[in-house]
Amino acid sequence: MNAPIAIIGTGIAGLSAAQALHAAGQNIELFDKSRGSGGRMASKRSDAGSLDLGAQYFTARDRRFVEVVQQWQARGWVAEWQPSLYNAQDGQLSASPDEQVRWVGSPRMSAITRAMLGALPVRFSCRITEVFRGDHYWSLLDADGNSHGPYSHVIVATPAPQATALLAAAPKLAGAAASVIMEPTWAVALGFDSALDTRVEGCFVQDSPLDWVARNRSKPGRDNHIDTWVLHAGSAWSRQHLDLAKEAVIEQLHGAFAELIGCAVPPPSFTLAHRWLYARPAQAHQWGALADADLGLYACGDWCLSGRVEGAWLSGQDAARRLLEHLQ
Ligand code: FAD
Ligand code: NAD
């Protein structure tokens, strides 16, 4: 019997592994607890248009990722974002232009993972709770009590805290995942009927509850019927206010935004808050991916490398490479 490979998680890491394995002729089956793909690169549809509440943009520094991003650009999945960049420190707003190339999904961040998924077999709204191995094959159990399988191998492509339990069959891998601390991020979107009178399109922020601010309409292909902004609180503020009600988070971050942006900020006509519990690893690692090749269990994700989109994609490639090497 030629059992397929199960991949848990359809963020960029899981899909990177899926594409590499599919290209090598392997059968795969994907699972995600959410209703769609993308994970932290997903976009939220709202009355104010589509909003990138997670990853804001990404850079490409590794040669392999640079090449794949060029292919995505040629297919229209990504476009370069050239915001008018600022820095806010000690209440001072200053222009902070640079030469860095920054990419965004087009017309929304989720377009990338949607296109990568293509027609690959996937089960959404399916939270995997257990990964276990019989004499020869792997099986998965989901939160509704359904079992899935058999599979020849399993790749766990979730954030580290969610991976730990799924890696229980390989205690070394589970231990490594358990050692990773992931920091939260509160994200807020504010929409204004009249455009704010500012040149700011992206701003790195210090000494504030916020650490990042972006003007949605400055990204290529975005809906611009109202002037929508995405605000990210820093890790420390997000941790300290983890259980604050969404209305209070919106109020506080709106206040911080009004303080730094340097123009009149009216009450927003649209607001939304989202808490990312596992937004970013507290530190980078050099693991590439985790593997117990004899068992056939693998883990990948941004937490195995740099905590960025590029790191997640590279980690997925690494998991697929190690699995394929073991098959030979
Ligand atoms: P994820 O995207 O988290 O994917 C994991 C998937 O697994 C999810 O879809 C989840 O639903 C699924 N899953 C979890 N548990 C289960 C389960 N038990 N069963 C089934 N499915 C499960 N990076 C940048 O490069 N630039 C940025 O500007 C940037 N900004 C960011 C801002 C925020 C607020 C956040 C949260 C992240 C940001 N990042 C940024 C980081 C970037 O988004 C991540 O590094 C990257 O998207 C991680 O991809 P991943 O595939 O490893 O994990
Ligand atoms: P990058 O090179 O644009 O930014 C890296 C860091 O350099 C920035 O965080 C900022 O501190 C600084 N920086 C860069 N350009 C600047 C400028 N013109 N003026 C002032 N400061 C500048 O991109 P990257 O290395 O790909 O990093 C991705 C971004 O994603 C980072 O900003 C990181 O903080 C963010 N991120 C956020 C989360 C979250 O949960 N909020 C998670 C992962 C990554």
Side-chain angles (χ1 to χ4, degrees), residues 6-18 30-42 52-61 65 81 83-89 94-104 109-110 112-113 116 122-131 140-143 155-166 182-188 202-206 210-212 214 230-235 238 274-282 284 289 299-316 319:
I7 302 179
I8 307 168
T10 61
I12 187 106
L15 286 168
S16 166
L30 289 140
F31 295 85
D32 205 295
K33 67 180 174 62
S34 298
R35 277 180 297 170
S37 61
R40 282 169 279 161
M41 287 180 80
D52 305 334
L53 292 179
Q56 296 295 292
Y57 65 85
F58 57 92
T59 57
R61 301 192 171 110
F65 192 55
W81 181 40
S84 161
L85 267 183
Y86 281 71
N87 192 48
Q89 189 159 23
S94 51
S96 191
D98 64 20
E99 300 294 314
Q100 180 67 55
V101 176
R102 295 182 173 85
W103 299 99
V104 293
M109 197 52 102
S110 60
I112 302 167
T113 51
M116 287 173 82
V122 62
R123 223 177 262 264
F124 287 122
S125 303
C126 183
R127 180 195 291 270
I128 302 301
T129 52
E130 230 179 284
V131 175
L140 310 182
L141 196 67
D142 71 29
I155 299 181
V156 177
T158 69
Q162 293 161 324
T164 306
L166 304 179
M182 293 196 71
E183 297 282 5
T185 294
W186 267 112
V188 158
C203 184
F204 298 99
V205 188
Q206 288 93 46
L210 296 170
D211 76 358
W212 169 255
V230 171
L231 325 177
H232 283 165
S235 301
S238 300
H274 180 84
R275 187 183 69 172
W276 297 98
L277 205 47
Y278 306 126
R280 56 170 134 204
C300 59
D302 64 338
W303 50 278
C304 291
L305 283 168
S306 71
R308 293 157 50 241
V309 168
E310 178 177 48
W313 183 85
L314 287 168
S315 179

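When a ligand or atom number is given, it counts from 1 through the structure's own listing order.
Among all non-hydrogen protein atoms, the one lying nearest atom 40 (O) of ligand 2 is Thr185 OG1, 2.8 Å. Counting only heavy atoms of the protein, atom 41 (C) of ligand 1 lies nearest to Gly307 O, 3.9 Å. Distance from atom 25 (O) of ligand 2 to its nearest protein heavy atom, with residue and atom name: Arg61 NH1, 3.0 Å. Taking atom 3 (O) of ligand 2 as the reference point, the nearest protein heavy-atom neighbour is Tyr57 OH, 2.6 Å. Regarding atom 53 (O) of ligand 1, its nearest protein heavy-atom neighbour is Arg40 NH2, 3.1 Å. Of all protein heavy atoms, the one lying nearest to atom 26 (O) of ligand 2 is Thr59 OG1, 2.6 Å. Of the protein's non-hydrogen atoms, the one nearest atom 34 (O) of ligand 2 is Arg280 NH1, 3.2 Å. Protein heavy atom nearest atom 19 (N) of ligand 2, with residue, atom name and distance: Ser96 OG, 2.6 Å. Ranking the protein heavy atoms by distance from atom 11 (O) of ligand 2 puts Phe204 CD2, 4.2 Å first. Summary of contacts: the protein heavy atom closest to atom 44 (C) of ligand 2 is Gly307 O, 3.9 Å.
A salt bridge is absent between Arg123 and Asp142: the closest approach of a Lys/Arg side-chain nitrogen to an acidic carboxylate oxygen does not fall below 4.0 angstrom.
Residue Lys33 has at least one nitrogen or oxygen atom sitting less than 3.5 Å from a nitrogen or oxygen atom of ligand 1, judged on distance alone. Looking at Trp276 next to ligand 1, no N or O pair under 3.5 Å apart turns up. Considering backbone and side-chain atoms alike, Thr185 places every N or O at 3.5 Å or more from each N or O of ligand 1.
Within ligand 1, the atoms closer than 4.0 Å to a non-hydrogen atom of Pro159 are 3 (O), 5 (C), numbered from 1 in the order shown.
Ligand 1 has Arg127 within reach: a non-hydrogen atom of the residue lies less than 4.0 Å from it.
Looking at every heavy atom in both residues, Ala13 comes nearest to Gly301 through CB-CA, 3.7 Å.
Taking the ring-ring contact (aromatic ring centres under 6.0 Å, His included) definition, one finds that Tyr86 meets it with nothing, sequence neighbours left out.
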